[in-house]
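This report refers to the structure that appears directly beneath it.
Note that the coordinates shown come from a computational prediction; the quantities given were computed from them, not determined experimentally.
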Amino acid sequence: MRPTRRSASSQPRGQNRPGASRAPAAAASARGDTRAQRPASQTGGRSRAAKQRPRPSSPRAQEAGPGEPPPEPALPPPPIPATPTSSVAALDLGDQRERWETFQKRQKLTFEGAAKLLLDTFEYQGLVKHTGGCHCGAVRFEVWASADLHIFDCNCSVCKKKQNRHFIVPASRFKLLKGAESITTYTFNTHKAQHTFCKRCGVQSFYTPRSNPGGFGIAPHCLDEGTVRSMVIEEFNGSDWEKAMKEHKTIKNMSKE
């Protein structure tokens with residue numbers, strides 16, 4: 001009998017050689033270990049850990065403890081809206097502060113509006129606020145005076161021609177509301193009287209009289225209706241102005257407070 005030869009091919013398939021199963025696994029693990037241990041510079045690019053650089057932490061983040069979220073940055077306080085009493089803070093109203101604030105709230109007024117209301121009501125007690133202006137409306141004014149007006153009817157050369165009847169008030173009680181650019185002035189002789197009138201319609205609704213350079217002469221016929229109760233007219237001899245002024249007892253003081 002011939003002896004039977006056994007070769008590698010004659011071994012049943014599916015059976016591995018002794019030690020063969022360990023070699024590929026060991027090689028694979030060796031390759032994996034080599035790749036895992038290979039520096040990032042040898043892999044041809046930066047690793048994800050290298051790309052994500054740590055950001056410098058803010059002082060507020062450093063203040064937070066480990067594991068705690070950093071505190072939110074402090075926002076500037078919102079602006080405080082203006083209130084009707086905001087301007088009162090600069091004043092020392094003492095025990096009257098509460099009354100003042102209540103008055104403002106009840107009247108729904110600003111600080112300035114409340115002050116104006118009180119001044120208009122009580123500063124000129126016994127007087128009323130008249131309003132008026134020229135014919136075309138370019139010039140408008142307001143004046144505080146009595147409801148019973150004392151009118152001067154002057155017969156000087158210019159007043160006679162323009163029928164300049166007027167009552168006199170201090171400058172502090174007169175306010176030009178609009179039309180300063182629409183006013184022009186005529187003077188003559190001593191040039192002390194300032195005869196102002198509207199450039200457009202020519203009406204003189206007020207002027208500065210020579211007798212009272214610190215006040216205004218207001219034309220009563222240029223006032224709006226509804227505030228004049230009565231008028232008393234006094235003739236003034238302006239054609240002999242110096243003598244009339246010397247003899248008159250009150251006219252020179254009418255522009256004083």
Side-chain angles (χ1 to χ4, degrees), residues 116 119-257:
K116 183 178 184 301
L119 288 172
D120 289 350
T121 304
F122 298 107
E123 185 180 19
Y124 304 125
Q125 291 189 20
L127 306 181
V128 298
K129 182 168 70 174
H130 305 278
T131 57
C134 66
H135 183 264
C136 69
V139 177
R140 293 288 299 170
F141 64 85
E142 67 181 30
V143 58
W144 286 89
S146 173
D148 303 303
L149 301 177
H150 188 101
I151 309 298
F152 291 99
D153 187 2
C154 182
N155 64 355
C156 74
S157 61
V158 66
C159 287
K160 187 175 182 179
K161 285 183 177 291
K162 65 178 181 177
Q163 296 293 295
N164 183 28
R165 288 179 289 275
H166 59 276
F167 63 96
I168 300 171
V169 298
S172 60
R173 298 182 188 174
F174 175 88
K175 182 179 181 180
L176 181 64
L177 300 177
K178 72 170 188 174
E181 70 286 351
S182 301
I183 294 174
T184 189
T185 304
Y186 170 71
T187 64
F188 71 103
N189 196 10
T190 63
H191 303 284
K192 291 183 178 180
Q194 305 291 306
H195 298 273
T196 50
F197 58 94
C198 176
K199 296 177 184 178
R200 182 178 177 185
C201 63
V203 170
Q204 175 183 287
S205 53
F206 65 91
Y207 84 114
T208 303
R210 180 183 174 187
S211 63
N212 288 266
F216 288 96
I218 312 297
H221 45 275
C222 288
L223 296 179
D224 299 332
E225 295 182 359
T227 54
V228 177
R229 184 166 53 199
S230 67
M231 288 189 292
V232 175
I233 299 177
E234 177 186 350
E235 293 182 355
F236 183 78
N237 187 19
S239 58
D240 193 357
W241 194 88
E242 284 79 7
K243 181 181 178 181
M245 281 296 297
K246 189 175 182 179
E247 293 177 350
H248 205 285
K249 304 300 182 183
T250 59
I251 190 170
K252 64 180 64 176
N253 295 322
M254 288 189 168
S255 60
K256 297 180 179 180
E257 293 289 348

Checklist line | Nearest non-hydrogen partners of P170 and M254, listed with the distance | finding: CD-O, 3.8 Å

Note to self: If the condition is side chain to side chain contact (heavy atoms under 4.5 Å, CB included), which residues does P213 pass it with, not counting sequence neighbours?
What the structure shows: none

Solution key, residues 154-161 side-chain donor-acceptor pairs under 3.5 Å, sequence neighbours excluded:
{"unit_1": "N155", "atom_1": "OD1", "unit_2": "G238", "atom_2": "N", "d": "2.7"}
{"unit_1": "N155", "atom_1": "OD1", "unit_2": "S239", "atom_2": "N", "d": "3.1"}
{"unit_1": "N155", "atom_1": "ND2", "unit_2": "N237", "atom_2": "OD1", "d": "3.4"}

Next item on the list: For P209 and G215, work out which heavy atoms get closest and say how close.
Entry: CD-O, 4.0 Å

Item checked: Interatomic distance, D240 atom CG to M245 atom CE [nearest 0.5 angstrom] -> 12.5 Å

Note to self: Rounded at 0.5 Å granularity, tell me how far SG in C222 sits from NE2 in H135.
What the structure shows: 10.0 Å

Checklist line | With H150 via side chain to side chain donor-acceptor pair (under 3.5 Å) - residues at least two apart | finding: E234

Notebook entry, point to check: Between NE2 of H221 and CD1 of I151, what distance do you get to the nearest 0.5 Å?
Noted result: 9.5 Å

Notebook entry, point to check: What's the spacing between L223 CG and F141 CZ if we round to 0.5 Å?
Noted result: 5.0 Å

Next item on the list: Only counting residues at least two apart or in another chain, list the ones meeting ring-ring contact (aromatic ring centres under 6.0 Å, His included) with H248.
Entry: F152

Note to self: Minimum heavy-atom separation for I218 and F174, please, with both atom names.
What the structure shows: CD1-CD1, 3.7 Å

Note to self: My understanding is that only residues two or more places apart in sequence, or in another chain, count here; which of them pass side chain to side chain donor-acceptor pair (under 3.5 Å) with K256?
What the structure shows: N253

Next item on the list: Among residues two or more places apart or on two chains, list those pairs meeting salt bridge (Lys or Arg N to Asp or Glu O under 4.0 Å) that have a residue in residues 188-217.
Entry: R210-E242

Next item on the list: Apply side chain to side chain contact (heavy atoms under 4.5 Å, CB included) to F197 and C134, showing your working.
Entry: CA-CA 8 Å; F197 58 94; C134 66; over 6 Å; no

Next item on the list: Quick one: list whatever passes side chain to side chain donor-acceptor pair (under 3.5 Å) with S146, sequence neighbours left out.
Entry: none

Checklist line | Separation between CH2 of W144 and CD of Q125, rounded to the nearest 0.5 Å | finding: 10.5 Å

Next item on the list: Report the residues that fulfil salt bridge (Lys or Arg N to Asp or Glu O under 4.0 Å) with K116, sequence neighbours left out, ordered by chain and then residue number.
Entry: D120

Which donor-acceptor pairs under 3.5 Å do the side chains of residues 181-191 make with protein atoms, sequence neighbours left out?
{"unit_1": "T187", "atom_1": "OG1", "unit_2": "H191", "atom_2": "ND1", "d": "2.8"}
{"unit_1": "H191", "atom_1": "NE2", "unit_2": "N189", "atom_2": "O", "d": "3.4"}

Note to self: If you compare all heavy atoms of G179 against all heavy atoms of V139, which two are closest, and at what distance to 0.1 Å?
What the structure shows: O-CG2, 4.0 Å

Check: What residues form a side chain to side chain donor-acceptor pair (under 3.5 Å) with Q204, not counting sequence neighbours?
Finding: K162, N164

Checklist line | Qualifying salt bridge (Lys or Arg N to Asp or Glu O under 4.0 Å) pairs with a residue from residues 127-156, counting only residues at least two apart or across chains | finding: K129-E142, R140-D224, D148-R229

Item checked: Considering all heavy atoms, the nearest G214-S255 contact -> C-CB, 3.9 Å

Item checked: Check: G217 main-chain N/O paired with N212 side-chain donor or acceptor under 3.5 Å -> no

Item checked: ring-ring contact (aromatic ring centres under 6.0 Å, His included) partners of Y207, counting only residues at least two apart -> H166, H195

Notebook entry, point to check: Can you tell me how far CD of Q194 sits from CZ of F216, rounded to the nearest 0.5 angstrom?
Noted result: 10.0 Å

